[in-house]
Amino acid sequence: MAKYTRLTGTQDILPEEQRYWEHFRQTVAQVALDYGFDRIDLPIFEMTELFARGVGENTDIVEKEMYSFQDKGDRDITLRPEFTAGVVRAYIENGLHVQPKPVKLYSIGPAFRYERPQAGRYRQLHQYNAEIIGESGPMADLEIMLMAWDIYARLDFQGLAFQLNATGCPACRPTYIETLAAHYRARQDALCDDCLRRLEQNPLRLLDCKREACQGHIAAAPKITAHLCAECDAHFAELRGFLDDLGRPYTLNHTLVRGLDYYTKTVFEVWAEGIGAQSAVCGGGRYDGLIELIGGPATPAVGFAAGIERAVLVMKEQDVEVPALPTPPVYIAYLGDACRQYAVRLLVHLREAGLGAQIAMGGSLRSQLRHANKRDARFALIIGEDEMAADVVMVRDLHAGDQETVAQDALIATLRSRLDA
RNA sequence: GUGGCUGUGGCCUAACGGUUAAGGCACCUGUCUGUGGAACAGGAUAUUGUGGGUUCGAAUCCCAUCAGCCACCCCA
């Protein structure tokens, strides 16, 4: 056992894993580019108060999952548990509201939550997210949903499904919650302990209790979509109209609720097959009140966030085709100390010409070639005293298994043309 | 925070309470002193997660602790 080990809930993403991560990042970056989202990178820690207010004082994230500490200046600091609060802070602080509206941003990187690890869930996790800030109409909701879907569709994920719901707004949600709570209070004796707690603390959560015994209460519960105000109802209808028109399937899921306080109107998730207890690969929705809440001008916004660990899990589970990471095409092998300096000069020469190259650090020619093969080199260049004397290089094609003698001054052109072929 | 399961070389797995903890993968070397992938041979790598206890004797039984996995709460 090593003396020092990973802290609970952290992970080492080893070289052999990197192709999954790289493939995912590239897909996100490409879709963001195609959709016109600009990348923004933010600090991974912020003032604790930003998250406490932005995420919501009564959420689990704030109550028990934040990695918080004091720095040497006695500032209260928290490692970001999610991205949106930071994006909004940056939007306000940097005056991004002067940009042409709506402002479309995406971000990608680590986030932190102090909780027990589980399949696809870590204390240091990785997320990306996308936000459209400054547009209140449902076209923005649509754009966000299409982007979320497209990322997983381009990754060739199977079993994708939209889950869609509305959560109302400050005008209609409170009365709905009261109606819901009344429904549950009437059957208080039949509720599980968790639901009794939810009834007091967060009645919307009653709707996603997973216990058998509670499913009947959920099915009979009033649906928020029947209690929306005129504005929310129209917004929701318009959004569905877009999706219907495009022929994008979605499931109206009235049990879909968000854990964070700032959501309004639209909430959605994208589900995929094969990630254990969690089925959502991403989740998002509209948060029209957040920017004002943390000190900016009243500005509507919509966005989504997704965990990369879960996506990697699905890629493996579903055997998604993931391209191998590129390796340098050239490996230089040489015979004995007499050829070493010559080989190093050749190495540097190739790199200056823009060709990726590695060199053996020693050993027999046999073991050098063995190494070249294991490192997935396309060409082994072999240099012995004969080659040095004749100003040539032996070029062995490790894929084809053949080799030829190439004049020094024709080497780079030869390698290039064979790589392009 | 709660519950269940599991900890043996880098990875996977074996070993009735009883000799020096066995095998496979991977790694290195050699057979082949100028040629990779295959085969064969050899080599290095383990205070059996940690601490305590029971016993003549513990990888094995007991307790504690730590870690991992899975699930719950909740969330991505």
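Excluded from the calculations below are hydrogen atoms, water molecules and symmetry mates; all remaining heavy atoms, backbone and side chain alike, are included. Because the structure is predicted, anything quoted here is derived from the model rather than measured. Throughout, protein chains are lettered first and strands after them, A, B, ... in sequence-line order, and every chain is numbered starting at 1.
Residue pairs that meet the side-chain hydrogen bond (donor to acceptor under 3.5 Å, both in side chains) test with at least one member in residues 323-340 of chain A, sequence neighbours left out, are A/Tyr331-A/His371. Listed by first and then second residue, the side-chain hydrogen bond (donor to acceptor under 3.5 Å, both in side chains) pairs that reach into residues 376-394 of chain A are A/Arg378-A/Asp397, sequence neighbours excluded.
Residues passing the side chain to side chain contact (heavy atoms under 4.5 Å, CB included) test with A/Asp12, sequence neighbours excluded: A/Arg6, A/Leu14.
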- request: For RNA chain B, produce a single dot-bracket line, 5' to 3'. Pairs: Watson-Crick or G-U wobble, both distances under 3.5 Å. Symbols: ( ) within strand, [ ] crossing, | other strand, . unpaired.
  value: (((((((..((((....[...)))).(((((.......))))).....(((((..]....))))))))))))....

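Between A/Arg116 and B/G3 there is no side-chain N or O to OP1 or OP2 distance below 4.0 Å. One finds a side-chain N or O of A/Gln118 lying less than 4.0 angstrom from the OP1 or OP2 phosphate oxygen of B/A71.
Note on A/Glu115: a base of the nucleic acid sits closer than 4.0 angstrom, heavy atoms only.
Residues from residues 26-40 of chain A lying near RNA chain B, meaning a heavy-atom separation below 4.0 Å, are absent.
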message: Does the protein touch nucleotides 29-40 of chain B at the base, only the backbone, or not at all? Give it as B, S and - per nucleotide, heavy atoms under 4.0 Å.
response: BSBB-BBBBB--

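Between the P atoms of B/G51 and B/C40, the separation comes to 41 Å (whole Å).
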- request: Begin with the C-alpha distance, continue with both residues' side-chain angles, and end with the deciding distance and a verdict on ring-ring contact (aromatic ring centres under 6.0 Å, His included) for A/Tyr67 and A/Phe51.
  value: CA-CA 11 Å; A/Tyr67 259 103; A/Phe51 297 120; over 10 Å; no

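Relative orientation of the A/Trp149 and A/Phe162 rings is tilted, given thresholds of 30° and 60° on the angle between their planes.
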